[in-house]
Q: 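Pasting a structure here, questions to come.
Counting starts at 1 for both ligands and their atoms, in listed order.
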Amino acid sequence: ASCGIGAAISRQLAAAGAKVAMAARRENLLKEIQDEISKEGGVALAVRCDVKNRAGVKELIQYTERTLGPVDILVNNAGYWAFRCMKNLHEEEWDEQVDVNVKGLLNCIGAVISGMCERKSGHIVNMSSDCVKQPFVGLAVYAGSKYFLEGMSRTLRQEVCKDGVRVTCVQPGDVDTPGAVKTLMTLEDEQCKALYSYPHPALEPEVIAQAVLYAVAQPDHVAVNEILVEPRECPL
Ligand SMILES: NC(=O)C1=CN([C@@H]2O[C@H](COP(=O)(O)OP(=O)(O)OC[C@H]3O[C@@H](n4cnc5c(N)ncnc54)[C@H](OP(=O)(O)O)[C@@H]3O)[C@@H](O)[C@H]2O)C=CC1
Ligand SMILES: CC(=O)[C@H](N)C(=O)O
């Protein structure tokens, strides 16, 4: 939650009255957001954590629950992507996408799901992508990781709905974030460049945060299973 969509979600959840625990590797950025939220009268905790580290994620959740109480809402937002064609074999980047977007996701869900089921209450929000609706050249491994997220979410939803737990997938199109700017630098193939190297509208991270807030603010019997959010000028 140190920047981009995660930071916007933290700010909006805190403004709506949630006690927010924010995790990322760059603790200094988290502290700045924590200060901002505190100045606005909200409650936020900043915890350094790498979602790839399963034990570290469990510690994060234990610390959060000791400090703020049980986790009612888990937002799995941490993600990594690069625009690379598979034939160029950026295998370390393939690993990073699987490690963060798939294994990191599982580490976070694994740290909260039993507690939510025992308490008969909880909401898991998974940050997906519009790439599960349409293929984008250069995002094959990333799309695979988000298809995992979607498939896992659909099945998890079946398993836990009777335990009072909801699972929402949010599918953003282009959003203007530090990650989006950085990954444009990874464009290397003419095929990729032709697709992405032109000005095109991107959404503000706050728009995606509003979608999250909408999903988690529904009455208990209502499940918002997925939300696709695109810039109007980029319809799928
Ligand atoms: N921007 C876009 O156009 C779109 C983004 N998405 C998805 O939205 C989510 C957020 O993206 P966005 O805000 O754009 O990305 P950014 O790169 O701007 O932010 C990513 C956030 O994830 C955190 N993060 C990354 N890796 C780890 C890790 N190993 N452990 C803990 N935290 C980590 C980063 O914190 P730190 O580096 O400090 O650890 C940072 O706060 C991602 O899941 C992405 O796939 C989906 C569709 C469109
Ligand atoms: C990274 C994303 O998920 C985004 N939809 C994109 O295509 O850039």
Q: Within a distance under 4.0 Å of any heavy atom of Asp174, pick out the atoms of ligand 1 and give their elements.
A: 3 (O)
Q: Could you check atom 26 (N) of ligand 1 against the protein and tell me its nearest heavy-atom contact, residue, atom and distance included?
A: Arg25 NH2, 3.2 Å
Q: Among all protein non-hydrogen atoms, which one is nearest to atom 11 (O) of ligand 1, and what is the separation to 0.1 Å?
A: Trp81 CZ3, 3.8 Å
Q: Report the C-alpha distance between Arg84 and Trp94 in whole Å, list the side-chain angles of each, state the deciding distance to 0.1 Å, and finish with yes or no for side-chain contact (heavy atoms from CB on, under 4.5 Å).
A: CA-CA 9 Å; Arg84 306 288 203 189; Trp94 299 0; 5.7 Å; no
Q: Identify which of Cys108, Gly179, Gly4 has a heavy atom lying nearest to atom 18 (O) of ligand 1.
A: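 Nearest heavy atom to atom 18 (O) of ligand 1 lies in Gly179.
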Q: Looking only at protein heavy atoms, which one is nearest to atom 19 (O) of ligand 1, and what is the separation?
A: Cys3 SG, 3.5 Å
Q: Measure the distances from the heavy atoms of Ala7 to every atom of ligand 1 and state whether one is below 4.0 angstrom.
A: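 Ala7: no contact with ligand 1 (<4.0 Å).
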Q: Among the heavy atoms of Lys182, does any lie under 4.0 Å from an atom of ligand 1?
A: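 Not so, Lys182 does not reach ligand 1.
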Q: Among all protein non-hydrogen atoms, which one is nearest to atom 30 (N) of ligand 1, and what is the separation to 0.1 Å?
A: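 The protein heavy atom lying closest is Val51 N, 3.0 Å.
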Q: Could you check atom 35 (O) of ligand 1 against the protein and tell me its nearest heavy-atom contact, residue, atom and distance included?
A: Ser2 OG, 2.9 Å
Q: Between Asn225 and Val167, does a side-chain contact (heavy atoms from CB on, under 4.5 Å) hold up when you go through it step by step?
A: CA-CA 6 Å; Asn225 292 343; Val167 182; over 6 Å; no
Q: Evaluating non-hydrogen atoms only, which member of Gly79, Ala78, Gly56, Ser128 is closest to atom 46 (C) of ligand 1?
A: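 Of the listed residues, Ser128 has the closest heavy atom.
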Q: How far apart are the C-alpha atoms of Thr177 and Val181, what are their side-chain angles, what is the distance that settles it, and do they pass the side-chain contact (heavy atoms from CB on, under 4.5 Å) test?
A: CA-CA 6 Å; Thr177 64; Val181 171; over 6 Å; no
Q: Under a 4.0 Å heavy-atom limit, does Lys146 contact ligand 1 with its side chain, its backbone, both, or neither?
A: side chain
Q: Walk me through whether Asn126 and Val170 qualify under side-chain contact (heavy atoms from CB on, under 4.5 Å).
A: CA-CA 6 Å; Asn126 293 327; Val170 180; over 6 Å; no
Q: Heavy-atom contact check, 4.0 Å cutoff: does Gly104 meet ligand 1?
A: no
Q: Give the residue, atom name and distance (to 0.1 Å) of the protein heavy atom nearest atom 12 (P) of ligand 1.
A: Thr177 OG1, 3.6 Å
Q: Give the atom numbers and elements of ligand 1 that come within less than 4.0 Å of a heavy atom of Pro172.
A: 46 (C), 47 (C), 48 (C)
Q: Can you establish whether the number of heavy atoms outside Arg157 located under 6.0 Å from its atom CZ is more than 12?
A: yes
Q: Backbone, side chain, both or neither: what part of Ala1 comes under 4.0 angstrom of ligand 1, heavy atoms only?
A: backbone
Q: Do Val165 and Val71 share a hydrophobic cluster, counting only Ile, Leu, Val, Met, Phe, Trp and Tyr and linking them when any side-chain heavy atoms are less than 4.5 Å apart?
A: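 Same hydrophobic cluster.
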Q: Treat each ILVMFWY residue as a node, draw an edge where side-chain heavy atoms are under 4.5 Å apart, and state whether Ile5 and Leu105 are in one component.
A: no
Q: Out of Leu30, Asn28, Asn77, Asp130, who gets a non-hydrogen atom closest to atom 21 (C) of ligand 1?
A: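 Of the listed residues, Asn77 has the closest heavy atom.
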Q: Which is closest to atom 2 (C) of ligand 1 in terms of heavy atoms, Val100, Leu105, Val175, Val229?
A: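 The nearest heavy atom belongs to Val175.
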Q: To check your reading of the model: name the closest protein heavy atom to atom 8 (O) of ligand 1, its residue, and the distance in Å.
A: Met127 CG, 3.2 Å
Q: Looking at Arg154, I'd like to know if its CZ atom is crowded, meaning that more than 12 non-hydrogen atoms belonging to other residues, nucleotides or ligands lie closer than 6.0 Å.
A: no
Q: So, Lys133 and Glu226, do they make that salt bridge, N to O below 4.0 Å?
A: yes
Q: Listing request: all ring-ring contact (aromatic ring centres under 6.0 Å, His included) pairs with a residue in residues 124-183, at least two apart in sequence or in separate chains.
A: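 Of all non-adjacent pairs touching residues 124-183, those that pass ring-ring contact (aromatic ring centres under 6.0 Å, His included) are Trp81-Tyr142.
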Q: Asp50 heavy atoms, cut-off 4.0 Å: which ligand 1 atoms fall inside?
A: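 Reading through ligand 1 atom by atom, the close ones are 28 (C), 29 (N), 30 (N).
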Q: Nearest protein heavy atom to atom 6 (N) of ligand 1, by residue and atom, and its distance?
A: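 Of every protein heavy atom, Tyr142 OH, 3.6 Å lies nearest to atom 6 (N) of ligand 1.
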Q: Are Tyr63 and Met22 grouped together when hydrophobic residues (ILVMFWY) are joined by side-chain heavy atoms under 4.5 angstrom apart?
A: no
Q: Using a strict 4.0 Å cut-off to heavy atoms of Cys49, name the atoms of ligand 1 that fall inside it.
A: 30 (N), 31 (C)
Q: Decide whether Val229 and Val75 are clustered together by the hydrophobic rule: side chain heavy atoms of Ile, Leu, Val, Met, Phe, Trp, Tyr closer than 4.5 Å, transitively.
A: yes
Q: Below 3.5 Å, N or O to N or O, backbone or side chain included: is there any such pair between Ile5 and ligand 1?
A: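 In this structure, Ile5 places an N or O atom under 3.5 Å from an N or O of ligand 1.
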Q: Are more than 12 heavy atoms, taken from residues, nucleotides or ligands other than Gln134, located less than 6.0 Å from that residue's CD atom?
A: yes
Q: Are Leu236 and Val137 co-members of a hydrophobic cluster defined by side-chain heavy atoms under 4.5 Å apart?
A: yes
Q: Taking atom CD of Gln218 as the centre, does the number of heavy atoms from other residues, nucleotides or ligands within less than 6.0 Å exceed 12?
A: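 Yes, the 6.0 Å shell around CD holds more than 12 heavy atoms from other groups.
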Q: With side-chain hydrogen bond (donor to acceptor under 3.5 Å, both in side chains) as the criterion, how do Gln171 and Glu230 come out once you've worked through the C-alpha distance, each side chain's angles and the decisive distance to 0.1 Å?
A: CA-CA 8 Å; Gln171 301 151 348; Glu230 291 288 339; over 6 Å; no
Q: Note down each nitrogen or oxygen pair, ligand 2 side and protein side, whose separation is under 3.5 Å; give only atom names and the distance to 0.1 Å.
A:
residue, atom, partner, partner atom, Å
ligand 2, 3 (O), Ser129, OG, 2.6
ligand 2, 3 (O), Tyr142, OH, 2.9
ligand 2, 5 (N), Ser129, OG, 3.4
ligand 2, 5 (N), Asp130, OD1, 2.6
ligand 2, 8 (O), Asp174, OD1, 3.2

Q: Strictly below 4.0 Å, N to O, side chains only: are Asp99 and Lys52 in salt-bridge contact?
A: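 Result for this pair is no, no salt bridge flagged.
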